[in-house]
Amino acid sequence: MAKATVHVTLKNGVLDPQGKAIQHALETLGFSGINGVRQGKYIELDLAETDSEKTQSAVTDMCEKLLANTVIETYRIEVSE
Amino acid sequence: MAKATVHVTLKNGVLDPQGKAIQHALETLGFSGINGVRQGKYIELDLAETDSEKTQSAVTDMCEKLLANTVIETYRIEVSE
Amino acid sequence: MKSAVIVFPGSNCDRDIAVTLEKVTGQAPAMVWHRDSTLPEGLGLIAVPGGFSYGDYLRSGAMAANSPIIADVKKKAEAGVLTLGICNGFQVLTECGLLPGALIRNRDLKFVCRDVNLSVERTDTAFTGKYTGGQVIRIPVAHHDGNYFADNETLDRLESNGHVAFRYCNDNGKVADEANPNGSARNIAGVFNETRTVLGLMPHPERLADERLGGQDGVPMFESLLEQLS
Amino acid sequence: MTIENASITADDIASHGLTEDEYQLALDILGGREPNMVELGIFSVMWSEHCSYKSSKKWLKTLPTEAPWVICGPGENAGVVDIGYGLAAIFKMESHNHPSFIEPFQGAATGVGGILRDVFTMGARPVANLNALRFGAIDHPKTKHLVAGVVGGIGSYGNCVGVPTVGGEVNFDPAYNGNILVNAMTVGLADQNRIFYSAASGPGNPVIYVGSKTGRDGIHGATMASAEFDEDTEEKRPTVQVGDPFTEKLLIEACLELMATDTIVAIQDMGAAGLTCSSFEMCSKGGTGIELDLDAVPIREEGMTPYEIMLSESQERMLMVLQPGKEHIAQAIFEKWELDFAIVGHVTDTGRMVLKKGGASVADMPIDPLAEASPEYDRPWVPTEKAEVVPSDSVKHGDWTESLKKLIGAPDLASRRWVWEQYDHMVMGDTVQRPGGDAAVVRIHGSERGLAITSDCTPRYVKADPFEGGKQAVAETFRNLTATGARPLAVTDNLNFGNPEKPPIMGQLVEAVKGIGAACTALDTPVVSGNVSLYNETDGQPILPTPTIGAIGIIDSLDNTATVAFKGDGDAVLLVGGPDDISGGWLGQSLYLRELHGVEMGAPPPVDLFQERKVGDAVRGLIQNGDIDTCHDVSDGGVAIALTEMALSGDIGVTIDIGADVSAPWLFGEDQGRYIITCIADRLTTVTSTFENEGILVRQIGTTGGDSISFTGDASIGLSTLRDFHEGWFPDYMAA
Ligand SMILES: Nc1ncnc2c1ncn2[C@@H]1O[C@H](COP(=O)(O)OP(=O)(O)O)[C@@H](O)[C@H]1O
Ligand SMILES: [Mg+2]
């Protein structure tokens, strides 16, 4: 059993309406000194595969095919037991 | 300048329609051995504050007030320089 | 005109586009289930409808773009069969690479359903031939993720090659920020592919193609297609 | 029998919301045996206020429920009405108040999901959603967050399933600070010969479960919905359910596809108290029994106990009884739509509910005795004291243009565009009148006929006089439907009140129901479905009594309808109906008194039901004849607000001339039973004589034209100013 986590974040330069809205809302709530907020996705996968290299490559494949839109997003994969 | 990252995930037992749909879609794409998928949010904050304890407590406050919906979600904070 | 409407789980404007296609062209489209692997032969038009395919979960259009039928949609579209993606259909066409750019969350994060004005950017295409140059049309939008994004290089290329189909504008045709319902780059509401045989747009021309519903500005698009194909 | 005795404690009984007497009754029903926890849970939910209507039943029975066009009245999942040409309209309204206060987005979303299921369970394709919302004071710290969440949740669910959200209401009042109201209504269309009911029959017939898997969602939701809030309510939060509109959309399509085959014997959605309520009610109605194998129930989480499985409120699930041997047909359809499908048991002739897990019996209880013993209380009640009528000179009236500006931008009167633009109100391609008018009009697909739909209630009237307020709520739906040209057919009611154990609150309920009954009888719009939500109190502070009425009407030809917008310049503007006194104007409980003078006082305007019917029928007749196409009823804010709404909607002004001086009571009084219509000069005689022949008051009060609201010989105020106030309030409030 392996657990893989994937962080999908917007590429630099891609507009992030959600991040901007969060920053604005935080400022309205009285928080100051916020230089920037970016929002991404965090995906946890429970996999039957135990070989971590195979997991890594399968998850990369999942990211390329579905989990990330590489026109606007990048991803980062971590595999643990 | 501190950077804080926040992971917001659904509490255990709370239905995750997105995770369910992602798992289903991955299976349709031919990936097998997926026992479960959960989707959460990943938020990066750039903050002017340099004291990491103060940052930690400010971000906790942000999570309670805005970033997480504590009725159904939990959050995890990491602070770095 | 023989046409097909692709139906995904969660499509919900499939019937709306079918009704309009039948009304304008006199022929009911084939409804094609996403799990089929081939489209009917002899199609003039492939329509990818609006809705929430797969609930818009993960990213709007992402899961639908991986449906079995999409391989054949791509093949036929690349071979020149006219292909129209409306709203969620536009999102699907960008996700599967038939159109450039991406549709991200609306600028103010809210779903928006209302009539908007569009300027028709060119009338020498199979989709827009029945509009007049510089015409301003009124068409509804209804979406959460309609904020068109592409990098500047892509946007410049789209503009210089005349691949922008529609822009959000004021009553008088002025392309202005206050007329932009979702924050789309350069007010872009719809784009063509390189050969102008694939069109994706966020507004719903099929929703104002019936006087009972308050307008007919969507009709010329379908009449253009009909003329082109008959 | 292997049922283990669980040694129920007094605490268990109390935490399940049962009284000592009710528990004794439970022991009797089980033949003296103690229930185990599963059974106790089942007693608890079946006898909860939510499922048993124990406080309201006595009074609900007094409502008129029949008419030649009523196919199915209260008692099924939704009401069914004959709308001609072999079609039926199926509709109901339901509350999701408590969950929406705890988690506004998901609470409201799952409320929409629940009411949709009530309607498509009966074989109808949902064609329209409405939502009647009440929030606390605008300056209460929670209000904005609740508004944003509730509207977001309703939109997210309705937009995704692809059913247009076409109407509703939004009000603000401090009485809702701790208990907001989210009442959702769905209207569907079905073939009259394909309507599905819930009575389980045919011992041996398979029972199947379809939709989503069962998780630990909302366990005890039904009992929670029947309890007053207190400080620990926040602790109950983990029971919140998350809606999955995508699965619901698939469920709609799959169920409708299955319904087109001849396989279903009975069907029931799993709503409050999930599997328990649904299986119990199906058998109780069918006079049968049921045996369920809980190991067969699709489960989302590991280690779920029978108690959890039976009481889970996971959403997007249905229970069906099929004809024997037809399981494969259903299975193929549900697999096509990628939904869970399981055969979980069968119908029996034992009259008992038997639950098995791991081969052992985990519950075994009789159905009829439990259902029949469902408590019915005749709770003590006291009538609401009647308030004095407020004389029109009781306050000092200021400049009318200032008053109008303030009122048209007041929280309860400002445009709701901010709300309905977040709802897809056009999907399905049949929305003929969009939100913003009196009633929404949805074309009956493929025809030239339409359904008009509205929801109304004026809680401040109901509080001041529950009987008149109950009448008024029904009368306003009648007027809103009539104003489009529709013939009102039937209503659904959603009775939201405080704690019925308090005689004054019970009195509000009783008198409001009497008022609703009187109005429904007089206007010939029977009650065909409804819902009761009680205990809407926090720390002893009750909500305003809010009996929301949802109503539908039929438009026989979409060629002859009316909208509120002024259509052209120079048209005569007529005020029709109401009491015969031009200088009067009913100020008691008016928004004018509340917003401009800061007082809420007096008796609310009375409703003359005989007159109401007569005026409505005459107005409708003219619309149906094509004599007029512009009509708006006069309600909150009086004549001045109605005129302003008509002018803003058509972007055409009006000059008022009543041969008398401007008077605030005339402008802002809220006398009932009135409409404003316009007509072109050619038709003026026909139109006025139609009313005069019926003895109905009709008076030309002005002429359309220009770009302001003006009074002959007096001040005027520009439409663009009024528009800024009217359209500005909601977005400004939400952005601040
Ligand atoms: N929550 C809502 N959702 C959709 N439409 C709404 C909502 N609230 C109000 N509306 C629409 O706004 C218009 C004005 O509402 P209201 O003032 O309650 O009308 P009326 O006084 O005619 O009953 C109506 O068309 C109504 O359907
Ligand atoms: Mg009205």
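In the text below, chain A, chain B and the rest are named by the order of the sequence lines, each starting its count at 1.
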Ion pair check, D:Asp424 and C:Arg114, cut-off under 4.0 Å
no
With a 4.5 angstrom heavy-atom cut-off, is it the side chain or the backbone of D:Glu448 that approaches chain C, or both, or neither?
side chain
Quick check against the 3.5 Å criterion: does C:Asn12 have a side-chain atom that pairs as donor or acceptor with the backbone of D:Lys249?
no
Below 30° counts as parallel, above 60° as perpendicular, anything between as tilted: where do the rings of C:Tyr54 and D:Phe246 land?
tilted
Count the heavy atoms of every other residue, nucleotide or ligand shown that sit under 6.0 Å from CD of C:Glu41, and state whether that count exceeds 12.
no
Between D:Leu250 and chain C, which part of the residue has a heavy atom less than 4.5 Å away: side chain, backbone, both or neither?
side chain
Go through the atoms of D:Val161 and report whether side chain, backbone, both or neither lie under 4.5 Å from a heavy atom of chain C.
backbone
So which heavy atom on D:Cys160 is nearest to which on C:Gly55, and how close?
SG-CA, 3.9 Å
OG1 of D:Thr431 to CZ of C:Arg207: how many Å apart, nearest 0.5 Å?
8.5 Å
Test log, rule side-chain contact (heavy atoms from CB on, under 4.5 Å), inputs C:Leu213 and D:Arg443:
CA-CA 9 Å; C:Leu213 305 181; D:Arg443 177 173 54 192; 3.9 Å; yes
Heavy-atom distance under 4.5 Å to chain D: side chain of C:Arg212, backbone, both or neither?
both
Would C:Phe111 and D:Glu421 count as a side-chain contact (heavy atoms from CB on, under 4.5 Å) if you check the C-alpha gap in whole Å, the side-chain angles of each, and the deciding distance to 0.1 Å?
CA-CA 8 Å; C:Phe111 187 97; D:Glu421 280 193 349; over 6 Å; no
